[in-house]
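Take a look at the structure set out below.
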Amino acid sequence: MKIDTDIRHVTKPGTNLFRELGFPAEEAARLQAASRQQINDTRLLKEQLMSELAEWIAQHHLKQAEAAEILMVSRPRVSDVVNKKTAKFTIDTLVEMLSRVGKPVRLAIG
């Protein structure tokens with residue numbers, strides 16, 4: 001059996017994906033705005049968690065290799081945390097890393 005992998009349509013950058021999926025213009029604009037807000041909120045949360053990890057590393061005067069061993073990740077992963085490469089991490093992963101260094105995360109809804 002052959003799996004169909006042909007590309008039939010490519011959405012151009014900056015295009016409202018919801019509009020391309022057939023949503024009415026007004027709803028597509030609302031959905032796109034909500035999507036962008038959620039993406040931004042997630043990015044900000046990841047940055048906050050990464051800042052806590054980077055601060056912990058700095059406070060303990062650890063080299064990235066030493067931090068990597070404690071966090072049970074590779075040294076390049078520590079570099080990604082310190083440089084706030086948010087796209088490379090899930091919130092779950094960052095929460096787990098903080099837990100490993102004795103910084104449990106609590107969720108506050110405001």
Side-chain angles (χ1 to χ4, degrees):
M1 177 175 155
K2 183 178 184 253
I3 298 174
D4 182 2
T5 58
D6 292 341
I7 298 173
R8 290 182 180 70
H9 179 79
V10 176
T11 301
K12 291 180 175 61
T15 303
N16 186 326
L17 179 63
F18 297 101
R19 185 74 176 127
E20 291 218 351
L21 289 171
F23 287 92
E26 190 175 301
E27 186 175 2
R30 184 186 60 75
L31 289 168
Q32 184 177 39
S35 176
R36 285 185 176 156
Q37 182 63 51
Q38 186 174 7
I39 289 167
N40 188 54
D41 290 347
T42 299
R43 181 185 53 77
L44 291 173
L45 179 56
K46 288 179 183 182
E47 284 179 1
Q48 184 179 5
L49 296 170
M50 290 175 156
S51 290
E52 286 292 326
L53 280 165
E55 186 179 311
W56 176 84
I57 292 167
Q59 284 176 348
H60 289 85
H61 308 288
L62 297 173
K63 294 182 179 177
Q64 288 186 357
E66 296 167 332
E69 190 173 322
I70 294 166
L71 294 168
M72 296 189 277
V73 297
S74 66
R75 200 238 13 106
R77 291 289 276 171
V78 173
S79 176
D80 291 340
V81 166
V82 171
N83 292 306
K84 293 191 176 86
K85 295 186 178 178
T86 57
K88 294 188 173 195
F89 293 88
T90 64
I91 291 171
D92 290 349
T93 299
L94 295 168
V95 167
E96 186 175 316
M97 291 169 76
L98 282 162
S99 178
R100 287 183 182 144
V101 298
K103 289 183 155 271
V105 176
R106 293 191 183 142
L107 179 63
I109 301 172

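These figures come from a predicted structure and were not determined experimentally.
- Taking CD of Q32 as the reference point, atom CD of E27 lies at 13.0 Å (rounded to 0.5 Å).
- K84 and S51 share a donor-acceptor pair across their side chains, judged by distance under 3.5 Å alone.
- Here NE2 of H9 is found 7.5 Å from NZ of K12. Values are rounded to the nearest 0.5 Å.
- By the criterion of side-chain heavy atoms lying less than 4.5 angstrom apart, applied directly or through intervening Ile, Leu, Val, Met, Phe, Trp or Tyr residues, L44 is not grouped with L49; the two fall into different hydrophobic clusters.
- Counting non-hydrogen atoms of neighbouring residues, nucleotides and ligands closer than 6.0 angstrom, the CD atom of E66 exceeds 12 such neighbours.
- In this structure the side chain of F18 never reaches within 4.5 angstrom of the side chain of R30, judged on heavy atoms.
- Between the side chain of K46 and the main chain of F89, a donor-acceptor pair closer than 3.5 Å is present.
- D80 contributes no side-chain N or O that, together with a main-chain N or O of K85, makes up a donor-acceptor pair within less than 3.5 Å.
- Between T86 and T42 the shortest side-chain heavy-atom distance does not fall below 4.5 Å.
- Side-chain contact between T90 and T93 is present, with heavy atoms from C-beta onward closer than 4.5 Å.
- In this structure, the separation between CG on L71 and CD on E96 is 10.0 Å, given to the nearest 0.5 Å.
- Distance NZ/K103 to CD/E55: 6.0 Å, rounded to 0.5 Å.
- A donor-acceptor distance shorter than 3.5 angstrom exists from the side chain of R19 to the backbone of F23, with no hydrogens or angles considered.
- Two residues are said to be in side-chain contact when any heavy atoms from C-beta on lie closer than 4.5 Å; W56 and L62 meet this criterion.
- Counting only distance, with no hydrogens or angles, the side chain of R8 and the backbone of D6 share a donor-acceptor pair below 3.5 Å.
- Taking 4.5 Å as the limit, some side-chain heavy atom of V73 sits within range of a side-chain heavy atom of M97.
- N83 places a side-chain N or O within donor-acceptor distance of the main-chain N or O of S79, the cut-off being under 3.5 Å.
- For CD of E26, the number of neighbouring non-hydrogen atoms (other residues, nucleotides, ligands) closer than 6.0 Å is 12 at most.
- There is no side-chain donor-acceptor pair under 3.5 Å between E52 and Q48.
- By the neighbour-count criterion of 12 heavy atoms within 6.0 Å, atom NZ of K63 is sparsely surrounded, having that number or fewer from other residues, nucleotides or ligands.
- With rounding to the nearest 0.5 Å, the separation of OG in S99 from CG in D92 is 12.0 Å.
- Here the CD1-CG distance, from I91 to L45, works out to 4.0 Å after rounding to the nearest 0.5 Å.
- Judged as a side-chain contact (heavy atoms from CB on, under 4.5 Å), and not counting sequence neighbours, the contacts of D41 are Q37.
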